[in-house]
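Data block below; observations after.
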Amino acid sequence: MTTLINNKIADQILAKHGTLENFRELRDKGVDIIQTEGLPVLKEEEYKFTAITKKLEQSIKNFGPARPVGLNKELLNKHLFEGFDGDLIVFDNGNFSQELSKLSGQDYSLVSLDQAQSENFGKIAKMEKDPFTALNSATFGNGVSIHVGKNKQISKPIFILFFNKANDGEVISTRVFIQVEDNSEVTFLENTVSLDDAPYFANAVTEIKVAQNAHVHYSRLQDESRKAIVVNNFETDIHRDATFTSSLVSLSGDMVRNNLSLNLLDSGCEGNMYGLYLLNGKTHVDNHTNVDHTKPHSESNELYKGILADHSRGVFNGKIFVRQDAQKTNAFQQNNNILLSEDATVNTKPQLEIWADDVKCSHGCTTGQLDEEALFYLQARGLGKEQARALLLYAFAGEVLEKISNEQFRNFVTEKVEERLGGSY
Amino acid sequence: MLTIKNLHASIEGNEILRGINLEIKPGEIHAIMGPNGSGKSTLASVLAGREEYEVTDGEVIFQGKDLLEMAPEERAREGVFLAFQYPVEIPGVSTTNFLRTAVNQVREHRGLEALDAVKFLSVMKEKMKLVEIDQKLMSRSLNEGFSGGEKKRNEIFQMAMLEPKLSILDETDSGLDIDALKIVSNGVNKLKTSETATIVVTHYQRLLDYIVPDFVHVLYKGQIVKSGSKELALELEEKGYDWIKEEVESASV
Ligand SMILES: Nc1ncnc2c1ncn2[C@@H]1O[C@H](COP(=O)(O)OP(=O)(O)OP(=O)(O)O)[C@@H](O)[C@H]1O
Ligand SMILES: [Mg+2]
């Protein structure tokens with residue numbers, strides 16, 4: 001019965017997207033995987049708490065591709081953040097918009113995916129790992145390819161801004177492919193704007209190669225509409241002595257699933273994963289992270305924090321894989337949650353698989369209420385209860401916010417967080 | 001200033017305070033002593049408004065107002081200050097961070113204008129000298145990794161900033177070495193005026209050499225079983241509490 005539903009939805013999506021002519025090999029493989037596996041059902045361990053397929057069936061009416069909405073500069077400027085100074089890459093319903101993107105002439109190349117020639121494309125994010133990656137491979141439209149050559153310091157951030165809206169179709173398939181070559185440094189920022197409240201299904205894939213001794217920061221804000229169904233698969237290959245840092249702040253959405261995979265392919269790699277989910281209403285956010293240590297002397301740090309109010313739900317699943325070769329690995333993981341309501345829930349699960357014997361690995365997770373003692377202490381000093389609560393929650397969230405390296409973007413996200421903490425809780 | 005009448009309070013169904021009576025006038029210093037677990041901190045917490053404790057009987061009038069009706073922050077703004085026996089550690093919140101809001105809330109309540117950042121800083125510097133507290137502590141996470149002495153000094157520093165009418169010092173002296181004790185007592189004494197009153201909860205008469213009480217009360221099993229002058233503290237130091245316990249037990253037979 002359930003498999004029927006799966007394939008029904010997968011079939012509808014594929015049928016409505018037709019056969020796309022470019023990237024034939026990749027697309028055929030995607031179709032193949034989807035047709036044999038279907039979309040995940042609850043019985044599957046990986047999607048145990050996140051019934052995304054069922055959600056799609058309930059909320060999405062038209063499984064065709066959302067057509068470009070025709071953005072304009074005015075709208076765009078409204079969604080830049082204060083102090084923004086960098087390059088802007090705009091997506092209109094999953095399609096890269098060359099006209100609206102604005103580059104400041106920094107030394108790297110940006111082309112639509114069609115024009116990119118790279119053997120890495122489609123290989124970093126593995127379709128076998130997640131059917132939504134396969135689905136995206138079959139359906140993505142006009143994506144973007146960014147290439148930063150060797151020894152480049154890209155000093156201004158590259159800001160990718162996605163505009164989403166159901167429009168003659170409710171499926172938005174975004175594809176981003178980034179390669180940062182040896183010794184280069186770059187910061188990416190990301191935000192997604194829902195143009196209205198109608199449900200849509202955004203299914204994004206981002207692949208990043210971080211070559212030897214390169215350093216990449218990637219900060220994302222998820223603040224989509226209350227009806228948005230979002231899946232994103234974000235995977236990076238990190239080479240020798242390279243560093244990759246991800247910060248992800250989730251504030252809204254209907255059901256959101258984030259898969260984040262860091263492949264530490266060599267020695268001296270550093271992979272950092274920071275996340276904050278600040279949820280209310282009925283928002284459901286599921287963060288699945290995966291760090292794969294393959295060689296000796298690499299390090300990973302992970303800190304995810306959740307504040308959950310109302311009927312919201314958080315899922316955290318942190319996989320740390322340390323292969324037999326990966327001696328002297330340092331891997332740290334923390335997940336802390338504060339539940340502000342009896343109806344809010346969190347499912348948290350560390351998953352450690354360690355095959356090397358000489359490693360330093362630690363993990364911890366906590367789920368609790370707001371610290372009443374601290375609350376009383378602040379009240380006893382004259383702070384109002386609401387004020388004291390907001391201050392404590394903000395301090396809790398601050399540990400993640402401070403990891404956002406770009407100051408202007410950090411301020412922008414911080415303001416959203418403060419608004420939420422001072423307001424709807 | 002403060003009148004406590006027949007105060008009963010319990011937690012999780014256990015009655016801890018069993019009829020406290022106490023009258024405190026402006027300018028006075030009252031010491032409360034008593035064996036471990038007798039209810040000293042409970043009394044302090046109830047006065048500061050801790051919600052876990054249920055007041056089952058009695059009343060507390062502070063400057064003509066019903067204190068028990070007020071939320072903890074209102075009490076603080078009205079001028080009640082509790083220096084915690086165990087100051088809470090709050091990761092991510094520094095003293096500077098919350099204290100300006102606190103001070104301005106209190107000032108607003110008293111009809112004073114808010115301190116701007118510059119003025120606040122200069123007041124802070126002045127009060128920091130009073131308890132010889134290190135500037136560096138002010139910007140660190142509150143009480144996290146502070147030594148015992150630093151925590152207690154930070155409590156008195158906050159008291160200095162908030163300028164309360166009634167200060168309740170719950171074992172502010174416990175664990176302090178003599179130098180720190182002198183600094184803390186000196187701070188308390190300098191802040192004292194004829195308009196303010198202080199309750200010092202302590203186990204050690206040593207403190208009372210520096211903060212000299214007008215009255216000493218012994219709290220035992222949730223009641224004030226004996227009151228006297230500061231000589232009572234010396235007597236307790238010398239003889240312990242057994243004689244008082246005996247007095248109480250024999251009286252209740
Ligand atoms: N949260 C609580 N839950 C249950 N019992 C409590 C709680 N807090 C205090 N008590 C009990 O109330 C009694 C009085 O405690 P309180 O802390 O007021 O004593 P105290 O006189 O301050 O002792 P000390 O000198 O050790 O600080 C004790 O028996 C204690 O176990
Ligand atoms: Mg006590």
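Residue numbers begin at 1 in each chain, while the letters A, B, ... track the order of the sequences.
- Among A:D371, A:L392, A:L378, the residue with the largest count of heavy-atom pairs under 4.5 Å with chain B is A:L378.
- Ring geometry for A:Y218 against A:F188 counts as parallel: the plane angle stays under 30°, on a 0 to 90° scale with 60° as the upper cut.
- Contacts of A:E373 with chain B are made by both backbone and side-chain atoms, with heavy-atom separations under 4.5 Å.
- In this model, no donor atom of one side chain and acceptor atom of the other lie less than 3.5 Å apart for A:R220 and A:N258.
- Taking the six-membered ring where tryptophan is involved, the planes of A:F409 and A:F412 are tilted, since the angle between them lies from 30° to 60°.
- Most heavy-atom pairs under 4.5 Å with chain A, from the set B:V80, B:V106, B:V103, B:I90: that is B:I90.
- Looking only at heavy-atom pairs under 4.5 Å with chain A, the residue among B:H109, B:Q105, B:E89 that has the most is B:Q105.
- Put simply, of A:Y394, A:F396, A:F376, the one with the most heavy-atom pairs under 4.5 Å next to chain B is A:F376.
- In this structure, chain A has no heavy atom under 4.5 Å from any part of B:R75.
- Using a 4.5 Å cut-off between heavy atoms, A:E402 does not touch chain B at all.
- Taking chain B as the reference chain and counting heavy-atom pairs below 4.5 Å, the highest number among A:G398, A:G384, A:A397 is found for A:G384.
- When all heavy atoms of B:E195 and B:M1 are compared, the closest pair comes out as O-CE, 3.2 Å.
- At most 12 non-hydrogen atoms from other residues, nucleotides or ligands lie less than 6.0 angstrom from CD of B:E69.
- Among the candidates B:M159, B:R77, B:M161, the residue making the largest number of heavy-atom pairs closer than 4.5 Å to chain A is B:R77.
- For chain A, the nearby parts of B:F98 are the backbone and the side chain; heavy atoms of each come within less than 4.5 Å.
- Closest non-hydrogen pair, B:I4 versus B:I20, comes out as CG2-O, 3.5 Å.
- B:L142 touches chain A through its side chain: at least one heavy atom from C-beta onward sits under 4.5 Å away, while N, CA, C and O do not.
- A:F81 and A:F159 have perpendicular rings, their planes meeting at more than 60° on a 0 to 90° scale where under 30° would count as parallel.
- Under 3.5 Å, the side chains of A:Y277 and A:N337 contain a donor-acceptor pair of N or O atoms.
- For B:E78, no part lies near chain A; criterion is any non-hydrogen pair under 4.5 Å.
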